[in-house]
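The structure under discussion appears below in the form of structure tokens.
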Amino acid sequence: MASPFAAPSRKGNAWFCVGLASSFLDITGSDGTSLAENRTHKDGNSAPGCKVFHVPAADSSEAWQVEGDSISHFEGGLGDQVLVFKYKGKVHAINNRCPHSSYPLSEGTPFDIEDFGIALSAGITCPKHGWSFDLFTGSADRANYKVGIWEVQFRPSSTAEAVVSSEKHGSDQEVWVRRKQRIG
């Protein structure tokens, strides 16, 4: 018989690696293109401006990267997906599903939230209905919707890929994410 006082399993909240920091293209402006569109890296290679991972709620160690056209049109649904991208030097991880319209936010466009020309925060716009969400709080610009925010952590890497990358770009770190923990 299970104890009512036992803590529930937290396998779904475990950290998992999403790649090296240098593998994320730094999106520096709101040029109107969606995150999922291919962009050219400094080395001349082309890749999407984001990465999308399918993360089972029961066990995040079973996460896998969604690639190609599946980023925006995944058959398994958007509920267990995390969208990871770098905007103006900061790596963000949010749910890939718009909480208002269940549309993939990987099709969205990041932007600065400004007041009188001063950047206060950053946001992402869902292209389906034009709603925007703050990338730090998850709050919507309308109604009481919130997009899920994931925690991001940088860790030193000792993989061969990181050693080669650090020779080119200076020290490179691994990017790890997990679902935001509830306190209390």
Side-chain angles (χ1 to χ4, degrees), residues 15-55 63 65-74 77-154 169 172-180:
W15 291 95
F16 67 96
C17 184
V18 295
L20 295 173
S22 64
S23 69
F24 291 92
L25 178 66
D26 193 5
I27 300 167
T28 56
S30 299
D31 58 3
T33 58
S34 77
L35 289 171
E37 288 185 42
N38 282 344
R39 302 165 195 271
T40 305
H41 283 266
K42 294 176 191 174
D43 59 7
N45 293 330
S46 180
C50 65
K51 292 183 182 181
V52 175
F53 293 86
H54 179 77
V55 187
Q65 187 171 354
V66 178
E67 298 190 55
D69 291 338
S70 297
I71 287 178
S72 302
H73 309 289
F74 184 66
L78 302 170
D80 287 334
Q81 287 187 1
V82 60
L83 168 66
V84 186
F85 62 97
K86 186 190 284 188
Y87 180 66
K88 293 197 173 178
K90 173 129 177 74
V91 176
H92 298 277
I94 61 173
N95 286 348
N96 191 31
R97 187 179 138 276
C98 173
H100 167 249
S101 64
S102 295
Y103 197 78
L105 289 175
S106 58
E107 290 293 316
T109 307
F111 65 95
D112 287 331
I113 298 173
E114 298 180 348
D115 190 16
F116 296 106
I118 298 171
L120 302 174
S121 190
I124 189 166
T125 301
C126 175
K128 186 166 184 182
H129 292 119
W131 285 37
S132 298
F133 301 91
D134 189 297
L135 292 174
F136 295 95
T137 65
S139 299
D141 61 347
R142 300 169 216 166
N144 198 21
Y145 291 97
K146 273 188 128 172
V147 70
I149 304 293
W150 292 55
E151 294 179 89
V152 177
Q153 187 179 80
F154 293 92
H169 309 289
D172 204 0
Q173 296 181 313
E174 292 176 339
V175 179
W176 290 70
V177 299
R178 73 171 175 179
R179 286 180 175 86
K180 191 111 177 170

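In what follows, every heavy atom counts, from backbone to side chain, and hydrogens, waters and symmetry copies are set aside.
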When the side chains of residues 140-148 are checked against the rest of the protein, which donor-acceptor pairs come out under 3.5 Å, sequence neighbours left out?
unit_1, atom_1, unit_2, atom_2, d
D141, OD1, S132, N, 3.2
R142, NH2, G130, O, 3.3

Side-chain donor-acceptor distances from residues 113-123 under 3.5 Å, at least two apart:
unit_1, atom_1, unit_2, atom_2, d
S121, OG, D134, OD1, 3.2
S121, OG, D134, OD2, 3.0

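For N95, the side chain to side chain donor-acceptor pair (under 3.5 Å) partners two or more places apart in sequence, or in a different chain, are W150. Not counting sequence neighbours, S101 has no partner by the side chain to side chain donor-acceptor pair (under 3.5 Å) test. Considering only residues two or more places apart in sequence or on other chains, W131 meets the side chain to side chain donor-acceptor pair (under 3.5 Å) condition with none of them. Every side chain to side chain donor-acceptor pair (under 3.5 Å) that Q153 has, sequence neighbours left out, goes to R155. Shown here are the ring pair (Phe, Tyr, Trp, His ring centres under 6.0 Å) partners of F85, two or more places apart in sequence or in another chain: H92. When the side-chain contact (heavy atoms from CB on, under 4.5 Å) test is applied to Q65, the partners found at least two apart in sequence or on another chain are K51, F53, E67. Under the salt bridge (Lys or Arg N to Asp or Glu O under 4.0 Å) criterion, R97 pairs with no residue at all, not counting sequence neighbours.
Between the side chain of D172 and the main chain of S22, a donor-acceptor pair closer than 3.5 Å is present. A donor-acceptor distance shorter than 3.5 angstrom exists from the side chain of D26 to the backbone of K88, with no hydrogens or angles considered.
In this structure, OG on S106 lies 6.0 Å from CG on L83, to the nearest 0.5 angstrom. The distance from the CD atom of E174 to the CZ atom of F16 is 13.0 Å, given to the nearest 0.5 Å. Here OG of S34 is found 11.0 Å from CG of L105. Values are rounded to the nearest 0.5 Å. Atoms CD and CD, on E37 and E107 in that order, are 7.5 Å from each other to the nearest 0.5 Å. Distance CZ/F24 to NZ/K86: 8.5 Å, rounded to 0.5 Å. Here the CD1 atom belonging to I94 is positioned 9.0 Å from the CZ atom belonging to F133, to the nearest 0.5 angstrom.
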Query raised in the report: Which is it for V66 and N96 under the side chain to side chain contact (heavy atoms under 4.5 Å, CB included) test, yes or no, and what are the steps along the way?
Result: CA-CA 11 Å; V66 178; N96 191 31; over 6 Å; no

Query raised in the report: Checking side chain to side chain contact (heavy atoms under 4.5 Å, CB included) for the pair L135/K90: CA distance, chi angles, key distance, verdict?
Result: CA-CA 10 Å; L135 292 174; K90 173 129 177 74; over 6 Å; no

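Of all non-hydrogen atoms in W176 and C17, the two that sit nearest each other are CE3-N, 3.4 Å. Contact record, H100 with H129: CE1-ND1, 3.2 Å, taken as the closest heavy-atom pair. For the residue pair A93 and V152, the shortest heavy atom distance occurs at CB-CG2, 3.8 Å. For N38 against P48, the heavy-atom pair with the smallest separation is OD1-N, 3.1 Å.
Looking at P127 and T109, their side chains never come closer than 4.5 Å, going by heavy atoms from C-beta outward. Counting only heavy atoms from C-beta outward, the side chains of V177 and V55 never approach each other to under 4.5 Å.
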